[in-house]
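In what follows, chains carry the letters A, B, and so on, assigned in the order in which the sequence lines appear, proteins first and then strands, with residues in each chain numbered from 1.
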Amino acid sequence: MTLFGLLMTLAFTQNVILVHFLGICPFEPSSSSTGQAHRIALLTMLVAIVVSVVFALITRYLIIPLGLEYLGLMVLSLIMAISYRGFSRLFTELFPFSIRGIRAIAPLVTVNATVLATALITTELPGKLYVVPVGAVAAGLGLYLALVPLAAIRQRMTVTGLPAAFRGDAGVFISAGILALILAGIDRALFALFPPLW
Amino acid sequence: MKWIFTRLIQRNSVFALGFGLPLFFFGSTSIQSALVIAVAVLFVVPATHAISYHVEPWFGKNQRFVILLMISAMHVTIFETILQLFIPIVSFRLSLFIRVVMVDSLVFWPFFVAPRNELFRDRMETALSLSTGFVLALGVFTLVRHLIGAAGSNIAMGTAAGFLLLGYAQAGYQLLFVQKKRNEGGSS
């Protein structure tokens with residue numbers, strides 16, 4: 001598969017939220033405003049790239065040659081834990097006036113299903129090591145394409161006269177369902193060109 | 001009875017608190033995946049907290065979250081090994097979602113409400129009520145999804161149908177429990 005094909009597959013036909021329903025954890029806090037959604041999606045993409053590359057390197061050069069495949073998940077959890085500590089520390093140093101915000105979003109961004117799934121999927125990809133960061137960028141792009149429009153829809157819904165039962169999560173899920181339906185139509189068109197990886 | 005109603009239905013981990021949504025969603029696509037995910041959650045969440053509660057004090061305050069993550073990964077690995085005895089070939093998708101249990105909010109919530117869960121009994125009660133509430137919601141949602149034919153063999157269409165169904169289920173839940181409670185509070 002070409003790099004463009006990989007990018008299209010992981011961003012559209014295998015979109016983490018709208019097709020696989022992964023990475024829904026940062027969905028709730030990030031959907032309060034589009035600015036927050038931008039930040040969370042970009043940070044998650046960054047973490048996914050770092051974690052995937054480190055995990056792929058360890059898997060290719062340490063775990064597989066030594067036959068320690070059963071330790072793969074433990075190693076990944078350790079990398080995620082280190083990234084959580086590292087990113088919290090880094091952003092606290094860079095933005096000392098937003099410590100409370102950083103503490104609130106650090107676990108969401110570093111320890112979530114998108115990061116875990118991206119690392120596991122991209123490590124399984126055949127080919128050279130550069131497909132791993134490209135795959136992680138594509139998965140992050142997929143998350144971005146889902147989170148930001150949904151945050152905008154949620155913001156719009158707060159000013160429209162929705163029935164009480166449909167305010168909040170219910171309305172967002174129905175909107176996400178309609179977006180997923182649109183994506184399913186696009187997937188049908190792209191399916192022949194970019195078949196799913198798994 | 002009151003505990004069951006309050007913790008499992010009124011404060012349900014999925015519909016009221018919004019935890020475990022990826023697992024809930026994937027689990028409801030087939031009866032087999034629902035069973036596997038339900039057993040995984042019932043095993044991993046309480047077992048992680050039972051061990052983590054005793055291990056966390058050995059480490060600094062800042063390392064506790066990391067320790068919890070490691071212990072949950074250990075339990076998922078144990079679960080995967082046991083599962084292979086019963087289902088020798090597990091699909092990549094099912095295997096991926098079993099692994100998602102370790103980073104799910106169902107595992108982390110009893111830890112984040114730790115100041116209120118200082119006693120072992122309280123923390124286990126939170127972990128057990130979250131996991132049991134999840135299994136209850138998953139069972140009902142899987143049945144409904146299969147009865148109305150919204151499970152879907154096509155992943156993208158299945159996800160779209162699931163999102164819509166979940167939206168309407170949330171709205172129904174709001175009407176039944178949250179709005180009703182608010183109205184009762186207002187009238188009294």
[Y] reachable from [X] in the ILVMFWY side-chain graph, under 4.5 Å edges:
X      : Y      : value
A/L43  : A/L94  : yes
B/M74  : A/I82  : yes
A/L120 : B/L83  : yes
B/W109 : B/V76  : yes
B/V140 : B/L143 : no

Is [Y] close to [X] at the side-chain level, that is, under 4.5 Å between some pair of heavy atoms?
X      : Y      : result
B/F108 : A/V111 : yes
B/L164 : A/I178 : yes
B/M102 : A/L116 : yes

Rounded to the nearest 0.5 Å, what separation is found between the [atom1] atom of [X] and the [atom2] atom of [Y]?
X      : Y      : atom1 : atom2 : answer
B/F92  : A/I121 : CZ    : CD1   : 5.5 Å
B/F65  : A/R85  : CZ    : CZ    : 10.5 Å
A/L22  : B/F26  : CG    : CZ    : 10.0 Å
A/F166 : B/Q170 : CZ    : CD    : 11.0 Å

For a quick test of reading the model, state the closest non-hydrogen atom pair linking [X] to [Y] and the distance between them.
X      : Y      : result
A/N112 : B/V103 : C-CG2, 4.0 Å
A/A113 : B/V100 : CB-CG1, 3.9 Å
A/F173 : B/G167 : CB-CA, 3.6 Å
A/A117 : B/L96  : CA-CD1, 3.9 Å

Heavy atoms only, distances under 4.5 angstrom: which of B/S95, B/A73, B/A171 has the most pairs with chain A? Name it, please.
B/A171
Can you establish whether the number of heavy atoms outside B/Y168 located under 6.0 Å from its atom OH is more than 12?
no
Taking atom CD of B/Q63 as the centre, does the number of heavy atoms from other residues, nucleotides or ligands within less than 6.0 Å exceed 12?
yes
Quick one: of A/G177, A/A180, A/S88, who has the most non-hydrogen atom pairs under 4.5 Å with chain B?
A/G177
With sequence neighbours excluded, tell me which residues meet side chain to side chain contact (heavy atoms under 4.5 Å, CB included) with A/R156.
A/V159, A/T160
Strictly by salt bridge (Lys or Arg N to Asp or Glu O under 4.0 Å), give each pair with a member in residues 74-87 of chain B just once, sequence neighbours left out.
B/E80-B/R99
According to side-chain hydrogen bond (donor to acceptor under 3.5 Å, both in side chains), does anything in residues 36-45 of chain B pair up with another residue at least two apart or in another chain? List the pairs.
none
Could you give me the CA-CA distance, side-chain angles and deciding distance for A/I174 and B/L166, then say whether side chain to side chain contact (heavy atoms under 4.5 Å, CB included) is met?
CA-CA 8 Å; A/I174 292 170; B/L166 191 59; over 6 Å; no
Which portion of B/F19 sits near chain A, non-hydrogen atoms under 4.5 angstrom:
neither
Against chain B, residues from residues 57-75 of chain A with at least one heavy atom under 4.5 Å, in numeric order, are A/Y70, A/L73, A/M74
